[in-house]
Amino acid sequence: MRVLEVIEVEKSFGGNKVLKGISFGVEEGETVGIVGPNGSGKTTLLNIVGGVIRQDGGRVLAFGNDISSRRPSERARLGIGRTFQITRLFSNLTALENVMIALHYGSSLPATREKALEILEEVGLSHKAKDRASSLSLAQRKRLELARTLALQPRILLLDEVFAGLNPVSIREIVDLLRRLREERGITLILVEHVLKALFQLTERVLVLSEGRLIFDGKPEDMAQNEEVIKAYLGERYVGKGS
Amino acid sequence: MARLEKAVFIFFGVLAFLPLLLPEWPYWGRVLSSALMLSSLALAQNVLLGYTGYPAFGGIAFFGIGGYTTAILMKSLSIPFLPSLLIGGLVAGLTALIIAPPLMRLRSHYFAITTLALQLALGEVVANLEFTGGTDGINLPIYRGPFEGSFFYFLFLLLALISFLINLWVDRSVFGYALKAIREDEVAAESVGVNTVLFKSLSFGISSFLTGLAGGVYAYWITYIDPTSMFDPLLSVKTFVALLLGGVGTTVGPLLGAFLLEMVSEIVWSGLTEVHGIILGLLIVLGILLVPRGILGVR
């Protein structure tokens with residue numbers, strides 16, 4: 001089943017055309033990496049799927065519904081969860097409260113607290129439940145943001161540079177956590193990522209953006225052979241030199 | 001429940017019996033009524049600023065709307081006071097609810113200044129309309145009936161209690177958590193399923209409903225209202241000083257701040273009339289220097 005479909009999406013900021021007709025589809029349970037040089041439009045694309053930014057043209061379908069004009073909160077409740085490039089936690093609230101807010105629909109406060117603790121347990125943060133979000137380390141903050149998103153029981157998870165700034169041990173742990181989520185819950189993962197080594201441990205499909213256009217959609221191992229990708233990343237004169 | 005919050009209920013209990021116990025009641029009744037009114041205003045503002053993160057510096061606009069609606073209904077349509085008061089509060093709350101979606105696209109200073117502009121502009125509009133009595137204002141009859149000497153005191157006491165209960169509820173309810181999420185990070189709140197426009201509008205509506213009720217009780221209490229007294233920027237300042245002094249985003253802080261400010265103000269006013277403003281200004285400066293997060297502030 002196709003869970004996400006992006007059709008001819010365009011976006012400009014002022015005179016700057018950031019996305020120029022992007023189209024792709026994602027199947028249920030798939031893990032897709034989105035890479036590209038800085039400024040190629042990756043985060044904008046993720047923001048359009050999440051609903052934080054409205055596209056100028058084109059449509060976004062999720063689970064067969066056109067969600068192009070839905071609020072981010074509606075998309076979240078439909079099952080599209082996301083994390084942010086720079087973590088956006090509720091800093092003055094505790095880790096537990098951060099997760100509780102995402103859970104808050106349709107149950108009593110004690111039941112919500114119980115469920116939030118379970119989710120913190122799942123990401124290995126239950127010992128920090130009563131700590132303020134602002135007091136957590138970067139790795140813990142990233143986990144907490146993941147936990148908060150998981151509380152929505154997402155079917156699609158959008159992760160914006162979830163590995164950025166983490167040490168190899170923390171990266172390893174998050175890779176394992178994401179694998180487990182994919183296997184146990186069948187969550188579709190879409191990762192915007194610069195840490196390719198970590199990304200390639202998870203994904204078998206990569207989209208490459210360059211200057212607002214989708215220039216590659218395929219397996220990671222074919223990426224290094226693709227002329228357009230080489231040109232975008234390394235420049236014209238490296239094309240044809242091979243690996 | 002926290003110990004301080006229990007203490008507040010005991011405090012309210014004691015206040016309920018004070019009219020029987022205190023000598024010179026007319027005087028103390030007036031002072032305490034002012035303190036209770038300021039408490040309600042600070043608690044109402046706390047729902048919005050403390051829990052939702054939006055400072056309605058011109059929130060007194062809704063005090064005016066509530067007061068004028070109550071007065072006009074009583075005077076022109078001869079509707080009894082209590083229904084008029086309730087409608088006054090509802091009109092204030094609904095007005096806020098309706099203007100919230102566009103207005104609350106602005107945040108922090110911008111929101112504060114815009115609400116202040118609303119308050120001043122409304123004052124001017126009311127001063128130039130026929131049915132509001134223009135700059136002459138509206139005279140209301142003096143209250144005659146049960147509890148004659150302490151009727152308004154009990155009304156303000158009830159209003160402060162209701163405002164406090166609403167703060168308690170917001171502090172620890174699912175609804176309140178949605179507001180706190182908006183206060184902390186609106187984009188993140190949306191991303192976890194909180195419809196931020198809906199929730200912040202509701203918060204503005206609740207806050208303005210309470211502010212409007214305070215305006216309605218005030219109007220009947222002093223029996224004469226005009227645009228200057230009902231849309232008074234000084235009352236906005238006092239509300240914020242009380243709230244900031246006591247502790248924004250705490251349940252007990254706004255009450256504590258309001259009583260402290262009103263008591264100090266009363267003592268200074270009766271003893272040192274001419275330097276009243278200077279001393280209040282000094283109090284604000286000291287508050288900012290010594291307790292920047294308020295006496296009970298934690299953040």
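For the numbers below, each heavy atom of this structure counts, side chains included, while hydrogens, waters and symmetry mates do not. Only a predicted model underlies this, so the values are computations on that prediction, with no experimental measurement involved. Order of the sequence lines sets the chain letters (A, B, ...), proteins ahead of strands, with each chain counted from 1.
- For chain B, the nearby part of A:F84 is the side chain; its heavy atoms alone come within less than 4.5 Å.
- The number of heavy-atom neighbours closer than 6.0 Å to CD of A:E8, taken from other residues, nucleotides and ligands shown, is above 12.
- Against chain B, the residues from residues 58-73 of chain A that qualify, each with a non-hydrogen atom under 4.5 angstrom away, are A:R71, A:P72, A:S73 in number order.
- A side-chain contact (heavy atoms from CB on, under 4.5 Å) with B:V192 is found for exactly one of A:L103, A:I101, A:T149, namely A:I101.
- Residue contact with chain B, scored on non-hydrogen atoms closer than 4.5 Å, involves the backbone of A:L89 exclusively.
- Proximity to chain B (any heavy atom under 4.5 Å) is shown, for A:S91, by both the backbone and the side chain.
- Once rounded to the nearest 0.5 Å, the distance linking CZ of A:R75 with CD of B:E190 reads 10.5 Å.
- The number of heavy atoms from other shown groups lying within 6.0 Å of CG (B:L290) is above 12.
- A:R77 contributes a side-chain N or O that, together with a main-chain N or O of B:G193, makes up a donor-acceptor pair within less than 3.5 Å.
- Contacts between B:S173 and chain A at a heavy-atom distance below 4.5 Å involve the backbone alone (N, CA, C, O).
- Distance NZ/B:K180 to CG/A:L93: 6.5 Å, rounded to 0.5 Å.
- Checking each of A:N98, A:L109, A:T112 against B:Y177 for a side-chain contact (heavy atoms from CB on, under 4.5 Å) leaves exactly one that passes, namely A:L109.
- No more than 12 heavy atoms of other residues, nucleotides or ligands sit less than 6.0 Å from atom NE2 of B:H109.
- Residues B:A188 and A:F90 approach most closely at CB-CE2, 3.8 Å, considering heavy atoms.
- Within a 6.0 Å radius of OH in B:Y110, no more than 12 heavy atoms belonging to other residues, nucleotides or ligands are found.
- For the pair A:A76 and B:S191, the tightest heavy-atom approach, listed with the atom from each and the gap, is CB-O, 3.3 Å.
- Taking 4.5 Å as the heavy-atom cut-off, the residues of residues 25-55 of chain A that approach chain B are A:V52, ordered by number.
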